[in-house]
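A quick write-up on the structure given underneath.
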Amino acid sequence: MEVKIGVQHAPREISIESAQSAAEVEKAVADALSGAAKLLSLEDEHGRKVLIPADRLAYVEIGEPAARRVGFGAAL
């Protein structure tokens, strides 16, 4: 699933492909915004973590689940 994150005072948004469900991403964002967590922590589909200070979040856009990739490239 594609997740786009806007960060205050940053010219570009952060875009990651996450293996987490929309509900998991939404809960992580809600926890960060409510003050339950100081950081928004998301994991991409390669296992890398993205940490963003909760007080710097401008917006979070949760996309549709990623469709199966088709092509001749190497399998991920």
Side-chain angles (χ1 to χ4, degrees):
M1 145 163 331
E2 183 179 21
V3 180
K4 293 181 182 178
I5 304 162
V7 181
Q8 294 177 8
H9 309 294
R12 294 177 36 189
E13 66 187 12
I14 298 170
S15 181
I16 65 168
E17 285 290 331
S18 178
Q20 295 172 299
S21 70
E24 291 171 330
V25 172
E26 188 173 350
K27 182 177 181 343
V29 171
D31 288 347
L33 293 177
S34 70
K38 299 283 183 191
L39 294 172
L40 171 60
S41 175
L42 299 175
E43 190 171 325
D44 74 1
E45 58 188 18
H46 299 291
R48 295 177 292 218
K49 285 199 170 199
V50 176
L51 303 171
I52 301 158
D55 62 341
R56 298 287 182 221
L57 289 174
Y59 65 90
V60 177
E61 182 179 315
I62 302 171
E64 294 292 319
R68 199 174 83 168
R69 296 182 181 176
V70 179
F72 295 104
L76 297 177

- Under 4.5 Å between side-chain heavy atoms, hopping through other hydrophobics if needed: is there a path connecting Leu57 to Leu39?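 Shared cluster, no.
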
- Task: Please check if Tyr59 and Leu42 belong to a single hydrophobic cluster, counting links between Ile, Leu, Val, Met, Phe, Trp and Tyr side chain heavy atoms closer than 4.5 Å.
- Result: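 Unlinked, Tyr59 and Leu42 end up in two clusters.
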
- Query: Can you tell if the side chain of Glu26 reaches within under 4.5 Å of the side chain of Ile62, non-hydrogen atoms only?
  - Reply: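 Yes, their side chains come closer than 4.5 Å.
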
- Message: Any heavy-atom pair between the side chains of Arg56 and Val7 that's under 4.5 Å?
- Response: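 Heavy-atom side-chain distance check passes, below 4.5 Å.
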
- Task: Using the side-chain contact (heavy atoms from CB on, under 4.5 Å) rule, take Leu40 and Leu51 through it: C-alpha gap first, then chi angles, then the decisive distance, then the call.
- Result: CA-CA 6 Å; Leu40 171 60; Leu51 303 171; over 6 Å; no

- Query: Roughly how far, to the nearest 0.5 Å, is the CE atom of Met1 from the OG atom of Ser21?
  - Reply: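 Those atoms lie 6.5 Å apart.
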
- Working to the nearest 0.5 Å, report the span between CD1 of Ile16 and NE2 of His46.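 Taking CD1 in Ile16 and NE2 in His46, the distance rounds to 11.0 Å.
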
- Task: Would you indicate whether Glu24, at its atom CD, is surrounded by more than 12 heavy atoms from other residues, nucleotides or ligands within a distance under 6.0 Å?
- Result: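 Yes, the 6.0 Å shell around CD holds more than 12 heavy atoms from other groups.
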
- Could you check Val25 against Gln20 for side-chain contact (heavy atoms from CB on, under 4.5 Å), going step by step and ending with a plain yes or no? CA-CA 7 Å; Val25 172; Gln20 295 172 299; 4.0 Å; yes

- Query: When you look at Glu43 and Ser18, which way does the side-chain contact (heavy atoms from CB on, under 4.5 Å) test go after all the steps?
  - Reply: CA-CA 6 Å; Glu43 190 171 325; Ser18 178; 5.6 Å; no

List the atom pairs, with distances to 0.1 Å, where a side-chain N or O of residues 27-38 and a protein N or O form a donor-acceptor pair under 3.5 Å, not counting sequence neighbours.
| from | atom 1 | to | atom 2 | distance (Å) |
| --- | --- | --- | --- | --- |
| Lys27 | NZ | Asp31 | OD2 | 3.0 |
| Ser34 | OG | Ala30 | O | 3.2 |
| Ser34 | OG | Asp31 | O | 3.1 |
| Ser34 | OG | Ala36 | N | 3.4 |

